[in-house]
Structure formats: structure tokens, C-alpha cells
2 protein chains.
Amino acid sequence: MSVLRYALLGLISKESRTGYELVAEFEHPIGNFWNALHSQVYPELSQMHQDDLINCVQVKQEGKPDKKVYSLTTKGYVVLQQWLNTFVKTPRTMRDEFMLKAYFMGEVSAKSARDQFESQLRDHEGRLQTLEESLTAFIQDQEGGPIRTNTAEFGRWLVVWKGIMTERTYVEWCRQALHWLEVGEVRPQMFR
Amino acid sequence: MSVLRYALLGLISKESRTGYELVAEFEHPIGNFWNALHSQVYPELSQMHQDDLINCVQVKQEGKPDKKVYSLTTKGYVVLQQWLNTFVKTPRTMRDEFMLKAYFMGEVSAKSARDQFESQLRDHEGRLQTLEESLTAFIQDQEGGPIRTNTAEFGRWLVVWKGIMTERTYVEWCRQALHWLEVGEVRPQMFR
DNA sequence: AAACCCATGTAACGCGTTACATGATTAT
DNA sequence: ATAATCATGTAACGCGTTACATGGGTTT
């Protein structure tokens with residue numbers, strides 16, 4: 001079973017959804033850590049229906065195309081729970097093309113390296129800001145009240161917060177790199 | 001041109017290499033951010049040779065199989081430089097299966113959620129330790145001297161240091177999650 | 001008039017993983 | 001004996017991206 005299947009089961013478990021809505025969901029915070037396009041989602045949903053993981057109800061609409069609303073079957077719920085309770089092995093590699101380029105930064109001019117890091121820094125500062133706004137909006141939705149750990153809101157909190165921490169780290173690293181490029185060297189004893 | 005091609009060009013640019021050595025290189029720090037198996041590397045090197053990006057010299061050996069040593073062509077060097085000087089668009093999604101699971105943690109029991117985070121925490125603590133050891137060894141290789149930013153060592157420093165920062169962040173996030181699971185809620189005003 | 005939203009599908013292609021395949025030498 | 005190292009390849013398969021395809025309704 002592919003990870004996409006579990007992602008879809010998880011999303012449908014919160015609420016019945018159409019393929020279109022599921023694709024849209026990947027624009028939201030979870031899209032920072034998993035996503036899929038409609039060309040992958042629609043065929044996958046068909047398969048999952050055939051495998052009795054989800055029910056399908058066709059709904060006629062006026063002024064809009066008809067839609068297929070999917071909901072979890074008992075089997076789908078069991079399969080989701082099974083996955084949620086299985087340990088994932090942390091993969092050795094988190095592919096990041098910029099980190100690969102960084103590995104070869106000794107090969108380029110100092111100016112070019114600076115340009116690269118400045119571009120990266122701007123990207124990640126932008127994403128950090130978006131995430132922080134998203135967190136602020138989320139906190140306001142909760143009206144300052146606590147988020148209970150056995151609710152769907154907790155999951156959202158966890159991923160947004162992780163996104164923020166990750167982007168802060170990226171920003172900090174870019175700034176350090178720019179500093180090292182300015183002085184032309186790293187004095188490693190600083191970081192022991 | 002695939003990213004793998006650039007990875008191989010970059011590695012070969014530092015020093016002529018065989019396919020076998022290139023695959024082994026992905027066990028080292030850069031493997032945290034990019035990797036490939038021999039079944040992908042060997043065919044790719046053949047293609048790159050056909051495309052005149054790399055030279056190939058067959059070397060006969062005794063007591064060992066023959067090997068093919070690849071080195072950069074002028075074209076290969078140009079193509080590498082071109083890539084190094086082009087801005088990469090930061091991808092929206094950094095796939096992370098555990099983050100996807102975290103998003104659905106409201107669906108499982110508190111005990112199960114704790115088990116999941118503890119397992120994750122152990123994994124990332126282990127990786128952090130390995131990276132810190134690798135950094136210590138690296139610093140000792142440099143005999144405490146500074147790392148100039150126009151050397152190959154700078155690239156290695158950058159990726160190892162980024163790995164450490166990333167793992168520290170992951171560890172910290174897991175610990176916070178475990179704390180929230182213990183008290184049963186998040187009080188979001190803490191993090192504004 | 002052009003662009004965007006809703007809503008669903010299929011087809012082609014490339015990258016990455018798993019598995020198949022060989023074989024001598026050296027270390028445990 | 002068993003496993004690991006050196007060294008290179010091919011084949012099958014699945015996931016994910018890009019592109020092809022349709023079409024009415026709404027907003028700019």
C-alpha cells in the first residue's frame with residue numbers, strides 16, 4: 001500500500017470528501033509534507049473503492065459538474081489505524097537539491113555562492129512568514145483556548161509548528177552561510 | 001537533465017571516480033540530502049559518457065575486477081557550472097511520512113501516539129549523534145584550523161552542519177510533542 | 001473576451017527501488 | 001564456511017509529474 005493511500009484514508013476519515021477536495025487539501029499545511037496532483041488522486045481513489053477501502057456516492061449538482069463523495073469503509077478505517085500504529089523507519093535521505101548544490105559551493109565564485117544563498121534565504125523567509133501567518137490564524141480560530149491532543153486540531157498544530165521550526169532552521173543556516181562567505185572562512189571551534 | 005547527473009558531475013569534478021566509488025560516496029554526508037543506488041548510477045554514467053559530459057578510461061587491475069574511471073570533460077564542467085549558478089525553486093513539498101502520520105495523531109490513542117513519537121525521537125537522536133561525531137572527526141581533520149569558503153571542505157562543512165541543525169530541530173519537536181501528549185493539550189500562546 | 005472555479009478522467013514519460021545476474025579476493 | 005569488498009551491469013515495477021481532454025458557470 002502506497003503512502004498516498006494512507007494520506008487519502010486519513011483525510012477522508014476526518015470527513016467525507018471528493019477527489020477535487022482532497023487535491024485542494026494538499027494546498028493546505030499538510031502539503032508541506034505530502035501532496036499529490038489530481039492525475040494521481042483520481043485513479044488512486046478508483047482503486048481504493050475497488051479494494052473496498054472507501055464508499056462512493058455520486059451526487060448530482062445543478063450549475064456544477066456531478067461529483068463523487070467518498071467515505072471510509074470499516075476496512076478502510078482498520079487499514080488506516082494499522083498504518084498509524086506502525087513505526088516508520090526514518091529514511092536516510094531527505095532529497096534537497098539546494099543542499100546538493102551547497103556541497104559543491106567550493107567550486108563557484110564567492111559572489112555566485114552569495115547570490116545562491118541569498119535567493120534561498122528569501123524563499124525560506126517567505127515560507128516562514130506564510131507559516132507564521134497560518135499559525136496566527138489558527139490560534140485565533142481556537143480563540144486562545146488550549147488544543148486538546150485527541151482532536152484533529154492537534155495534528156494541524158503539529159505540522160504547522162514543525163514547518164515553522166524547519167523554516168527557521170533553514171533561514172538560520174542560510175544566514176550563517178552568508179556570514180561565512182563574507183569573512184571567507186569558518187572557524188569550527190565556534191560550534192562544538 | 002536530471003539532478004542525479006549534476007550530483008555525479010559535482011562529485012567527479014572534485015576527483016576522477018568509478019561508478020562504484022560514486023555510489024559509496026552517497027554513504028557519506030551528502031547522502032543525507034541526495035543518493036542513488038548502483039542500478040541507477042551505472043546506466044546514468046553510460047549516458048553521460050555518450051553525451052560527452054565525462055571521459056571514461058578502463059583500468060585493468062590484478063586480484064580485482066577491472067574498473068572504469070570517469071573524469072569531467074570541458075562540456076561536463078560547463079554544464080555543472082551552469083547548474084551551480086542557476087537558482088533552484090524551493091519545492092513546496094518535502095515528503096516526510098512521519099509528518100503525514102502526525103497530522104492524523106488525533107485519530108489514535110494517547111499511548112499509541114506517545115509510542116510513535118518516542119520511536120521517532122530515538123531515530124533522530126541516533127542520527128544526530130552520528131552527525132555530531134562526523135563533525136568532530138571533520139574538525140580534527142582540519143586540526144582546528146579555519147575552513148576556507150573556496151575549498152571542497154566548505155561544502156562538506158555546510159551539509160554536515162545543516163544535518164545537525166535539522167536533526168536538532170526534529171528532536172526538539174518530538175520532545176515538545178511528547179510533552180503536549182503528557183499534559184493532554186497545547187497552550188498555543190506559549191509560542192507566539 | 002479572458003481567466004478562473006468546479007469536477008473528472010486518461011496517457012506518456014522519467015526517476016528511483018527492488019530484484020536478477022556474475023565472479024574473484026579477502027577477512028572473520 | 002560465511003560474509004564482506006570490489007566491480008559492473010540489466011530488467012521489472014511503481015510512484016509522481018507533465019500533458020492531453022472535456023465542459024458549464026462565474027468573476028474580472
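Order of the sequence lines fixes the chain letters, A, B, ..., with proteins taken first and strands second; residue numbering starts at 1 for each chain.
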According to side chain to side chain contact (heavy atoms under 4.5 Å, CB included), who are the partners of Asp123(A), at least two apart in sequence or on a separate chain?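 By the side chain to side chain contact (heavy atoms under 4.5 Å, CB included) rule, Asp123(A) matches Gln120(A), Thr90(B).
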Could you pull out all residues at least two apart from Ser112(A) that satisfy side chain to side chain contact (heavy atoms under 4.5 Å, CB included)?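 Checked Ser112(A) against side chain to side chain contact (heavy atoms under 4.5 Å, CB included); matches are Val108(A), Ser109(A), Asn85(B).
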CD of Gln142(A): more than 12 outside heavy atoms within 6.0 angstrom? yes
Linking Ile, Leu, Val, Met, Phe, Trp and Tyr by side-chain heavy atoms under 4.5 Å, what else ends up with Val59(B)?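 Its cluster partners, ordered by chain and number, are Val57(B), Val69(B).
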Side chains of Gln129(B) and Glu133(B): any donor to acceptor distance under 3.5 Å? yes
Got a sec, which residues hit salt bridge (charged side-chain N to carboxylate O under 4.0 Å, His left out) with Asp51(A), two or more places apart in sequence or on another chain?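 Residues passing salt bridge (charged side-chain N to carboxylate O under 4.0 Å, His left out) with Asp51(A): Arg5(A).
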Test of understanding: with salt bridge (charged side-chain N to carboxylate O under 4.0 Å, His left out), list the residues that count as partners of Arg92(B), not counting sequence neighbours.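 If we apply the salt bridge (charged side-chain N to carboxylate O under 4.0 Å, His left out) test to Arg92(B), skipping adjacent residues, there are no hits.
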Per the under-4.0 Å heavy-atom filter, residues of residues 12-36 of chain B near DNA chain D come out as Thr18(B), Gly19(B), Tyr20(B)
Taking NZ, NE, NH1 and NH2 as the nitrogens, is one of them in Arg187(B) or Glu185(B) under 4.0 Å from a carboxylate oxygen of the other? yes
Every protein N/O within reach of nucleotides 26-28 of chain C N/O, cut-off under 3.5 Å:
none

Pair listing, ring-ring contact (aromatic ring centres under 6.0 Å, His included) test, anchored in residues 59-96 of chain B, at least two apart: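 Non-adjacent pairs meeting ring-ring contact (aromatic ring centres under 6.0 Å, His included): Tyr6(B)-Trp83(B).
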So the ring-ring contact (aromatic ring centres under 6.0 Å, His included) pairs with at least one residue in residues 128-153 of chain B (sequence neighbours excluded) are none
Nearest-Å distance for atom pair [atom1]/[atom2], residues [X] and [N]:
X	N	atom1	atom2	answer
His49(A)	dT8(C)	NE2	P	14 Å
Lys64(A)	dC5(C)	NZ	P	13 Å
Glu62(A)	dA7(C)	CD	C1'	16 Å

Gln61(B) vs Met1(A), nearer the 5' end of DNA chain D by closest nucleotide: Gln61(B)
I'd like the 5' and 3' limits of the part of DNA chain D contacted by chain A, with heavy-atom contacts below 4.0 Å.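 It runs dC15(D) to dG25(D).
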Give, for atom CG of Asn32(B) and atom OG1 of Thr130(B), the distance between the pair rounded to the nearest 0.5 Å. 9.5 Å
Regarding Ser39(A), tell me which of base, sugar-phosphate or nothing describes its non-hydrogen contacts under 4.0 Å with the strands shown.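 Base: the residue Ser39(A), judged by heavy atoms under 4.0 Å, touches a nucleobase.
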Would you indicate what Arg5(B) reaches in the nucleic acid, counting non-hydrogen atoms under 4.0 angstrom: base, sugar-phosphate, or nothing? nothing
Mind listing the side-chain donor-acceptor pairs of residues 19-29 of chain A below 3.5 Å, one per line with the distance, residues two or more places apart or on another chain?
residue  : atom : partner   : partner atom : Å
Glu21(A) : OE1  : Thr18(A)  : N            : 3.0
Glu25(A) : OE2  : Tyr103(B) : OH           : 3.4

Are Phe154(A) and Trp161(A) near enough that their ring centres are under 6.0 Å apart? no
Give me the bend of the helix from dA1(C)-dT28(D) to dT28(C)-dA1(D), using the axes of the five pairs at each end, rounded to 10°. 40°
